[in-house]
S.K.: 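Starting off with a structure, shown below.
When a residue number appears, it is its place in the shown sequence, counting from 1. Atoms within each ligand, like the ligands themselves, are counted from 1 in listed order.
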Amino acid sequence: MNIPGVNLDPYSVKTETALMHDAVHMFLKCITDLHATGKSVKPTKLSCENVDKWTPGFDIASFIKAYTHDTDGLYSTTAPISFDNLGRRTNFSIFVVEGNRDDVVAKWNPSDPEVLQFLKSEEDRNKELERKWSEGIVTVASIIGPPYLMVKEQKSETDLLEGNNRYEGFSMDLIALLAKDLNIKFRFEVLKSGQRGAYDKTTKSWNGLIREILDRRAELAICDLTITPDRREVVDFSTPFMRLGISILYRKAEAKEADMYAFLDPFSLKLWMYSATLYLALTVVLFFISRISPQDWENPHPCEQEPEELENIWDMKNCLWLTLGSIMNQGCDILPKGMAPRLAASMWWFFTIIVTNSYMANLAAFLTNERSQSEINSAEDLAKQTKIKYGTLDGGSTQGFFRESNYSLYQRMWTAMEQAKPSVFEQSNDAGVARVQNEKNRLYAFLMESSTLEYQIQTKCDLKQVGNWLDSKGYGIAMPLDYPHRSRINEALLRLQEQGEINRLKDKWWKEERKDPLCPKESEDQDANKLALQNVGGVFIVLGVGVALAYIVAVLEFLWNVRSVSVDEHISYMQALKVELLFALDVRKTKKRAKPEVPESSSSSRSPSMARSFLQSAGSFLRLDKMNQMETPGSSRHTSRPLE
Ligand code: ASP
């Protein structure tokens, strides 16, 4: 710092103060120069309404851009001062100082933003690491990504989280276990960019966590960091602590709302109408054919050789019964005898075989409709279609796998991914998962690592893993090449693996520490695919309505019969009803008198009934009932006949 007469050392003035000093100094200088050119700079009143620009401002700005004074730092504290054509300051350096203020580690200047020039040799830097290790504080770089590392929720406003306490997750716990084993302390540094480490061929540099290790900003890097040959060339890795492979994340087919009347689906409405019309038409045809078929006119009393009348049983009721019985695959207890009605019936049977069997086959398919939807089951299925787009995490090893693959299937997939518009690559796994969930009509699948996929589908029940792993690899802890403590870290990791600690941590972060409830197990899920009552509810309704109708018809028939009994027996309707009802409810009785037993004291026609019952008892004793029958032929229903 070179202000004449003032002795300033870098530690006695703050950077902000120095910058402010230079800014004011330069502003004054520019205004003086502007005056020298004859232009006057007069301050004007500014108001919110007055939108006119202050004209000298432009002149001052161009003077500032052209400011090249003090390159030797005569009056400036932060010299040299120069600007680019956008007005940004150029030609300065920032020094990276570590711990001790005199310990300048590296230098950065804006002309080469990707490069941090180290002022210390590789050997010095390793020595530095060694010193830090022995002092016991190791810097661990990581990125935020569940379940490996997440920002801890603050329990209350006063509960301020600091240092490592700000984060939680699998990586944090694993490093804590390692640190305990190795007797060191560690400090987590989270990388905002969220990049794990990709190599940029144009700038010939690495980014993300790998960059952190290369620049020695961290000794270790941990997250879902895949060990790849490229990364292995520039950094060292511990033995893998988790095995995984690339898998496909896809959305499950939406479960169709259960349809109670799904049993109607196999046929279109038209087909149902045609079948019903044909049923009625065929019944009518059968009725008329039977009427003109001589063989169906039969002797009602076979014992009579020469009957005066012939009878045809094929009335409308029976015809309907025959045709219905065959369509229901049940047959009928009476069958036509004439050639023509038999021919018509057999053609109807043929029709019903085809129709009912087509119905059965279609019904099975319709009820399991969900499973028959076109599905993606593997990477091959994805590759051979263009409708469903698929992508990967941008700048990760999964993307690298497809880009570098020599296998034609994956090469085809890479070409499809590269050419897809809009881009199918996502900035984070979470974004990829959300895209799979939100893309309409399930038109996006995300290729991601099985470990993270497994974590996602634990609670996002609409998602599933499709097919097998496309490769097999592992996550490791990255560290500088030839890191002196690599073998100690590996040994500790192996010990933790052997003790089952790593599996325990996986269970903890994949299952136990979940805020959202876990999805039901696959078997329960399959149960959901089984036919539920809702799927066949309509059949139950049809049965219920049919039985209710049958019951109503039975009651009506019963009441009609009671009426006939009351008329025949000359008793009141209520009496007849009581007698018939009592009999019907007495389930022990399996035989019924043709004529009901009317209580003696119960009717207006009591005397004839009493007389009759007296005569009946006497008659039965004398076997006069037979005579009685003969006297009133054809009136068996009304004739009193004792049970035998
Ligand atoms: N774990 C991967 C990596 O290290 C990320 C990915 O591509 O899924 O880059």
Side-chain angles (χ1 to χ4, degrees), residues 140-150 169-171 174 190-201 205-214 218 220-250 379 382 390-405 410 413-414 417-418 423-436 444-457 463 465-479 502 506 509-510:
V140 183
S142 190
I143 55 168
I144 296 289
Y148 307 97
L149 197 70
M150 297 164 282
F170 179 88
S171 307
L174 182 61
V190 170
L191 200 65
K192 294 257 164 44
S193 71
Q195 284 162 332
R196 290 161 184 82
Y199 184 68
D200 186 337
K201 282 184 182 150
S205 63
W206 286 88
N207 65 13
L209 295 177
I210 301 294
R211 178 88 253 157
E212 294 298 289
I213 298 287
L214 289 176
L220 302 176
I222 186 171
C223 66
D224 48 345
L225 187 64
T226 311
I227 305 172
T228 65
D230 287 358
R231 289 173 180 168
R232 181 62 194 78
E233 275 177 22
V234 291
V235 295
D236 260 343
F237 278 100
S238 67
T239 52
F241 56 81
M242 201 182 279
R243 295 231 63 94
L244 59 124
I246 297 173
S247 241
I248 304 167
L249 179 79
Y250 195 42
L382 270 183
Y390 44 93
T392 66
L393 180 76
D394 201 11
S397 62
T398 308
Q399 191 182 44
F401 167 83
F402 286 98
R403 192 179 44 229
E404 314 296 338
S405 179
Y410 301 144
M413 288 177 81
W414 173 246
M417 286 191 245
E418 233 187 348
S423 168
V424 287
F425 302 115
E426 288 295 336
Q427 291 312 311
S428 68
N429 278 327
D430 283 349
V433 172
R435 186 159 169 189
V436 174
Y444 185 75
F446 192 54
L447 292 143
M448 68 190 294
E449 286 168 335
S450 56
S451 46
T452 319
L453 188 151
E454 208 183 296
Y455 172 81
Q456 296 288 356
I457 61 175
L463 299 178
Q465 172 173 348
V466 166
N468 299 325
W469 293 2
L470 310 189
D471 64 347
S472 175
K473 49 202 179 188
Y475 291 150
I477 303 173
M479 57 194 87
I502 296 189
K506 192 167 177 216
W509 290 105
W510 265 247

S.K.: With side-chain contact (heavy atoms from CB on, under 4.5 Å) as the criterion, how do R231 and Y199 come out once you've worked through the C-alpha distance, each side chain's angles and the decisive distance to 0.1 Å?
M.R.: CA-CA 8 Å; R231 289 173 180 168; Y199 184 68; over 6 Å; no

S.K.: Before you tell me yes or no, could you show the steps for I144 and M150 under side-chain contact (heavy atoms from CB on, under 4.5 Å), namely the whole-Å CA-CA distance, both residues' side-chain angles and the distance that decides it to 0.1 Å?
M.R.: CA-CA 6 Å; I144 296 289; M150 297 164 282; 5.5 Å; no

S.K.: Taking the six-membered ring for Trp, are Y148 and W510 ring centroids under 6.0 Å apart?
M.R.: yes

S.K.: Fit a plane to each ring of Y410 and F401, take the angle between them on a 0 to 90° scale, and name the class: parallel (under 30°), tilted (30 to 60°) or perpendicular (over 60°).
M.R.: tilted

S.K.: Does a side chain donor of either E449 or S397 reach within less than 3.5 Å of an acceptor in the other side chain?
M.R.: yes

S.K.: Side chains of T398 and T392 only: does a donor on one sit below 3.5 Å from an acceptor on the other?
M.R.: no

S.K.: Need the list: ligand 1 N/O atoms against protein N/O atoms, distance under 3.5 Å, rounded to one decimal.
M.R.:
residue: ligand 1; atom: 1 (N); partner: D224; partner atom: O; Å: 2.5
residue: ligand 1; atom: 1 (N); partner: T226; partner atom: OG1; Å: 2.8
residue: ligand 1; atom: 1 (N); partner: E449; partner atom: OE1; Å: 2.6
residue: ligand 1; atom: 1 (N); partner: E449; partner atom: OE2; Å: 3.2
residue: ligand 1; atom: 4 (O); partner: D224; partner atom: O; Å: 3.3
residue: ligand 1; atom: 4 (O); partner: T226; partner atom: N; Å: 3.0
residue: ligand 1; atom: 4 (O); partner: T226; partner atom: OG1; Å: 3.3
residue: ligand 1; atom: 4 (O); partner: R231; partner atom: NH1; Å: 2.8
residue: ligand 1; atom: 4 (O); partner: R231; partner atom: NH2; Å: 3.4
residue: ligand 1; atom: 7 (O); partner: S397; partner atom: N; Å: 3.2
residue: ligand 1; atom: 7 (O); partner: T398; partner atom: N; Å: 3.0
residue: ligand 1; atom: 7 (O); partner: T398; partner atom: OG1; Å: 2.8
residue: ligand 1; atom: 8 (O); partner: T398; partner atom: OG1; Å: 3.0
residue: ligand 1; atom: 8 (O); partner: E449; partner atom: OE1; Å: 3.4
residue: ligand 1; atom: 9 (O); partner: R231; partner atom: NH2; Å: 2.8
residue: ligand 1; atom: 9 (O); partner: S397; partner atom: N; Å: 2.7

